[in-house]
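Along the sequence shown, the residues carry numbers beginning at 1. Side chains are part of it too, since the values below use all heavy atoms of this structure and drop only hydrogens, waters and symmetry mates.
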Amino acid sequence: MSQPRPPRYLKPMNRVLMAVHRLGIPTGPAMVLTVPGRKSGRPRSTPMTPFEFRGGLYVVAGYPGADWAANARAAGSGTLARGRRSREVRIVELTTEEARPVLRAFPYEVPVGVSFAKRSGVVLDGTADEFEALAGTLAVFRFDPVTPR
């Protein structure tokens, strides 16, 4: 299999989702994560589909080396928004072992993510075994709520 790459439609689709988000219209399960850019420090916003698993909120990077994942890793915290509602979150990257059960659950919880992973060349069939095998290759993050002081 060649190097996984994001589908060509990703940037235009993200622009559309961001425009809809700015209007305050929720787009299904999609949310927007905003973190400071690791080089520029300017806010960077990315649509994504987090899912609940064992009482936590998780997200899986769509392909290895995703820029948003590097920004999230560097920032350690950000804002997660759906429509006009937003909340501050702490961003925790999972270890390879912690990521395995989350990746196994991913194809059942985020079917649209499976389609994306297939188009990106990350998986062939989108089975739980394939996703679990990506532990340590795909970034997996947990969003923890930030409690106001």
Side-chain angles (χ1 to χ4, degrees), residues 1-103 105-107 109-123 126 130-131 134-149:
M1 190 179 321
S2 64
Q3 180 68 17
R5 302 176 57 97
R8 288 186 201 169
Y9 68 81
L10 182 63
K11 284 191 182 206
M13 178 64 83
N14 280 352
R15 280 191 213 106
V16 169
L17 285 172
M18 293 302 299
V20 170
H21 171 74
R22 279 191 290 279
L23 293 172
I25 302 169
T27 53
M31 294 181 159
V32 175
L33 177 66
T34 302
V35 298
R38 66 191 180 282
K39 294 177 185 171
S40 70
R42 293 190 333 220
R44 299 293 181 200
S45 298
T46 306
M48 58 186 52
T49 308
F51 63 99
E52 289 190 30
F53 177 72
R54 295 184 182 167
L57 188 62
Y58 297 87
V59 69
V60 174
Y63 54 92
D67 281 338
W68 76 262
N71 286 336
R73 184 179 296 119
S77 64
T79 303
L80 195 57
R82 175 182 281 144
R84 295 191 194 279
R85 303 186 84 167
S86 66
R87 59 186 163 165
E88 295 298 312
V89 293
R90 202 174 105 225
I91 304 167
V92 180
E93 186 168 13
L94 304 186
T95 66
T96 299
E97 286 309 308
E98 292 170 329
R100 289 184 195 287
V102 177
L103 286 164
F106 181 76
E109 300 294 332
V110 188
V112 69
V114 175
S115 300
F116 180 86
K118 286 180 180 180
R119 285 190 205 103
S120 299
V122 174
V123 296
E130 275 186 300
F131 277 98
L134 292 170
T137 302
L138 286 184
V140 179
F141 297 97
R142 184 181 68 240
F143 296 128
D144 293 340
V146 172
T147 52
R149 294 180 186 215

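- Between Leu33 and Ala72 the shortest heavy-atom distance is CD2-CB, 4.2 Å.
- In this structure, CG on Leu94 lies 12.0 Å from CG on Leu138, to the nearest 0.5 angstrom.
- Take Glu52 and apply the side chain to side chain donor-acceptor pair (under 3.5 Å) test, not counting sequence neighbours, and it matches no residue.
- Of all the heavy atoms in Ala30 and Arg82, the pair that sits closest is O-NE, 3.7 Å.
- The backbone N or O of Arg38 sits less than 3.5 Å from a side-chain atom of Asn71, completing a donor-acceptor pair.
- A distance of 10.0 Å separates OG1 of Thr49 from CZ of Phe116, quoted to the nearest 0.5 Å.
- For the pair Leu57 and Val89, the minimum side-chain heavy-atom distance is 4.5 Å or more.
- Looking at Ser40, its side chain does come within 3.5 Å of a backbone N or O of Arg42 through a donor-acceptor pair.
- A search for salt bridge (Lys or Arg N to Asp or Glu O under 4.0 Å) contacts involving Glu88 returns nothing, not counting sequence neighbours.
- Using a 4.5 Å cut-off on side-chain heavy atoms (C-beta onward), Phe51 and Val102 make contact.
- Below 30°, between 30° and 60°, or above 60°: for Phe53 and Tyr58 the angle between ring planes is above 60°, a perpendicular geometry.
- The shortest side-chain heavy-atom distance between Arg44 and Lys39 does not fall under the 4.5 Å cut-off.
- Here the side chains of Thr79 and Ser45 are not in contact, with every heavy-atom distance at 4.5 Å or above.
- Of all heavy-atom pairs spanning Gly41 and Pro36, the tightest one is O-CB, 3.7 Å.
- The shortest heavy-atom contact between Val122 and Gly62 is CG2-O, 3.4 Å.
- By the 4.5 Å heavy-atom criterion applied to side chains, Val60 and Phe131 are not counted as neighbours.
- At least one side-chain heavy atom of Ile91 sits less than 4.5 Å from a side-chain heavy atom of Phe143.
- Looking at every heavy atom in both residues, Gly126 comes nearest to Lys118 through N-CE, 4.0 Å.
- Put simply, the side chain of Val35 does not reach to within 4.5 Å of the side chain of Pro43, judged on heavy atoms.
- Proximity of Leu134 to Phe106: side-chain heavy atoms (C-beta onward) are nowhere separated by under 4.5 Å.
- Arg90 and Val146 make their closest contact through N-CG2, 3.6 Å (heavy atoms, listed as atom of the first residue, atom of the second, distance).
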